[in-house]
Amino acid sequence: MKKSLKLMLALFTLALGVLFAGGTDSKAATWNGNIKQIGAGTKSARIQWNPCLGSTGVGHYEVYISVDNVNWGKADDDFWGNDCTYTLDGLAPNSVYYVKIVAKTENSCYWDDEAVVLGESTSGRIATLPELGTVQNLRQTGATSNTITIAWNALAGAQSYTVYKYNSYNNYTPVATTTATSLKISGLSASFAADYFVIANAKNITGFTATSNEYVRREMRTAPAKVALIALSYYWTYSRTADFRWSGINNADGYQYQVLNSKGKAIYTNTANGTSGSVSPFKKGQFTRTRVRAYIKVGNGYVYGPWSGYSYNAISSKVTAKRSKNRKKITVKWKKVTGASGYNVYVSTKSDRGFKKCKKVSKKKSSYTITKYGKKKLSKKKAYYVKVEYLTKVGKKTVKSGIVSQGSV
């Protein structure tokens, strides 16, 4: 049998007057052709039928088509009686037709006038598939640490939508099918990211499903994970600027960092694209807590991950170091720091190393006099460097400030 023959649409367009009424031969025997549609396209349909009279004496079949099951036009001839399948082409998308089969004796249409009609089948209904466009405006509308919510515009003719996770070229995983135009996907992890796309579906009346062929992929992300670490990287004394660095988070669009005062009130908030940021002017005279969190952009807003732990820092508003006239003593004074649990005082003969702890001073005191460098008394001939380190209590743990006050005498 011919696998596919072009069908002129004019054959079954009533307005052109080429269809004819009634059957092909009212005297022909009728058999239950049990015509079934076994394939569908937007402009084609493939059918299958039962042989007429067990195929005995059948030379060829003729296929007839109608739009109303009354007026019929000849689609084409088929010249092999044992092949009972046929593909109709050139049909209109999303349309319903009726078909029937006429069995004849001769095996060639060249002798069709000599052919005898053996039978005319009962009619069967077929349908083409609708033409579906591409799902548009796929977007992310929400995110949590383990979910993403996506949405898209409704597509004309679509009856349902299947959401796919794109893995790689020609490799994708169906997530869910829904009749809605949005979907919440759960069971994910923080800082997860993947491409998704949506295919529209529409089933015709004979049970075949059309799907949109083209799609647009979009990356979707969950809320960022928690930043693991933040620390002071440098304090610039003259500009009173504190530089901070923190660990990065996969798939983050940026970071928000914040400084809280000793009472827990936010006194400075800023954002950064990378894993560092500055605070200027840095607040003196009290212990502060600096934290950071990653964020992603979703629509016109932001979705934030959890805050990191704190970086605790402080510096006195005034620190002085004065040497006695005999140069055997150094008196260090400072203004008390709110939130401090104590102060460590150090001395060294080098500006960048060799500091030895002199004393841990109570939070109630604001001065200390240095008389020794280690076990040795201070030398009149040497210059010394002193620094004050600020301490605070976090629960039962004592935490040191990343900033110290340092000077030479």
Side-chain angles (χ1 to χ4, degrees), residues 226-247 257-268 275-293 307-321 330-375 384-409:
K226 182 178 180 178
V227 175
L229 178 67
I230 180 173
L232 180 82
S233 59
Y234 199 80
Y235 179 75
W236 304 88
T237 304
Y238 296 105
S239 63
R240 292 176 55 191
T241 299
D243 292 341
F244 292 89
R245 298 192 68 85
W246 49 82
S247 52
Y257 59 102
Q258 191 175 71
V259 180
L260 282 65
N261 64 16
S262 57
K263 295 182 179 180
K265 180 181 179 181
I267 57 175
Y268 184 92
T275 55
S276 64
S278 298
V279 178
S280 182
F282 187 80
K283 185 74 172 178
K284 287 187 173 184
Q286 61 179 295
F287 253 95
T288 61
R289 295 174 283 169
T290 305
R291 61 184 183 178
V292 64
R293 60 181 177 177
W307 286 108
S308 68
Y310 291 105
S311 173
Y312 293 86
N313 297 282
I315 185 169
S316 173
S317 59
K318 185 177 182 180
V319 180
T320 61
I330 301 171
T331 300
V332 183
K333 294 183 179 181
W334 57 88
K335 285 193 174 181
K336 292 180 180 179
V337 171
T338 302
S341 61
Y343 309 89
N344 286 333
V345 179
Y346 298 84
V347 65
S348 177
T349 56
K350 305 289 184 182
S351 62
D352 58 349
R353 63 187 185 276
F355 281 93
K356 296 182 179 180
K357 185 176 177 180
C358 303
K359 180 73 173 181
K360 179 180 178 181
V361 181
S362 166
K363 66 178 183 179
K364 297 179 180 181
K365 296 185 178 180
S366 57
S367 66
Y368 181 75
T369 299
I370 303 169
T371 58
K372 292 182 178 181
Y373 174 50
K375 295 183 178 180
Y384 290 93
Y385 297 86
V386 297
K387 69 178 182 181
V388 178
E389 187 176 64
Y390 308 98
L391 310 175
T392 190
K393 281 281 189 180
V394 180
K396 295 181 178 181
K397 185 179 179 180
T398 297
V399 176
K400 298 178 182 179
S401 166
I403 304 172
V404 296
S405 296
Q406 186 172 329
S408 60
V409 286

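Source: prediction; values computed, not measured. Position 1 is the first residue of the sequence; numbering continues from there.
Of all the heavy atoms in Ser317 and Lys335, the pair that sits closest is OG-CD, 3.3 Å. The two atoms that bring Trp246 and Gly277 nearest to each other are CH2-N, 3.4 Å, heavy atoms only. Closest of all the heavy-atom pairs between Ser280 and Ser239 is OG-O, 3.7 Å. Among all heavy-atom pairs drawn from Arg289 and Tyr310, the shortest one is CB-CD2, 3.2 Å. A pairwise comparison of heavy atoms in Val386 and Ala321 identifies CG2-CB, 3.8 Å as the closest pair. Among all heavy-atom pairs drawn from Ser401 and Ala314, the shortest one is OG-N, 2.9 Å.
The structure places NZ of Lys356 at 8.5 Å from OG of Ser348, a figure rounded to the nearest 0.5 Å. Atom OG1 of Thr392 is separated from atom CZ of Phe287 by 5.0 Å, given to the nearest 0.5 angstrom. Taken from CZ in Phe282 to CD1 in Ile315, the straight-line distance is 8.0 Å, to the nearest 0.5 Å. For the atom pair NZ (Lys387) and CG (Asn344), the distance works out to 9.5 Å, reported to the nearest 0.5 Å. Atom NZ of residue Lys336 and atom OG of residue Ser367 lie 10.0 Å apart, to the nearest 0.5 angstrom. Separating the OG atom in Ser233 from the CZ atom in Phe244 is a distance of 8.0 Å, to the nearest 0.5 Å.
Aromatic rings from Tyr234 and Trp236 are positioned such that their centres are separated by under 6.0 Å.
A distance-only check finds no donor-acceptor pair linking the side chain of Ser308 to the backbone of Ile230 [under 3.5 Å]. Between the Ser247 side chain and the Leu229 main chain, a donor and an acceptor come within less than 3.5 Å of each other. A donor-acceptor pair under 3.5 Å is formed between the side chain of Thr288 and the backbone N or O of Asn313.
No more than 12 heavy atoms of other residues, nucleotides or ligands lie within 6.0 Å of NZ in Lys359, so this atom counts as exposed by the packing criterion. The environment of Lys333 atom NZ is sparse: at most 12 non-hydrogen atoms of other residues, nucleotides or ligands sit within 6.0 angstrom.
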Give the intermediate values and the outcome of side chain to side chain contact (heavy atoms under 4.5 Å, CB included) for residues Arg240 and Tyr235. CA-CA 7 Å; Arg240 292 176 55 191; Tyr235 179 75; 3.7 Å; yes
Determine, step by step, whether Tyr343 and Val332 satisfy the side chain to side chain contact (heavy atoms under 4.5 Å, CB included) criterion, reporting the C-alpha distance in whole Å, the side-chain angles of both residues, the deciding distance to 0.1 Å, and the verdict. CA-CA 11 Å; Tyr343 309 89; Val332 183; over 6 Å; no
Lys393/Thr398 under side chain to side chain contact (heavy atoms under 4.5 Å, CB included): CA gap, chis, key distance, verdict: CA-CA 5 Å; Lys393 281 281 189 180; Thr398 297; 3.3 Å; yes
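Here the side chains of Val259 and Lys283 are not in contact, with every heavy-atom distance at 4.5 Å or above. A 4.5 Å side-chain heavy-atom check between Arg293 and Tyr257 finds every atom pair outside the cut-off. A 4.5 Å side-chain heavy-atom check between Lys357 and Val345 finds every atom pair outside the cut-off.
Ser278 and Asp243 are linked by a side-chain donor-acceptor pair at a separation below 3.5 angstrom, with hydrogens and angles left out of the test.
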Result block: side-chain N/O donor-acceptor pairs under 3.5 angstrom for residues 402-409, not counting sequence neighbours:
unit_1	atom_1	unit_2	atom_2	d
Ser405	OG	Tyr390	OH	2.5
Gln406	NE2	Ser351	O	2.8

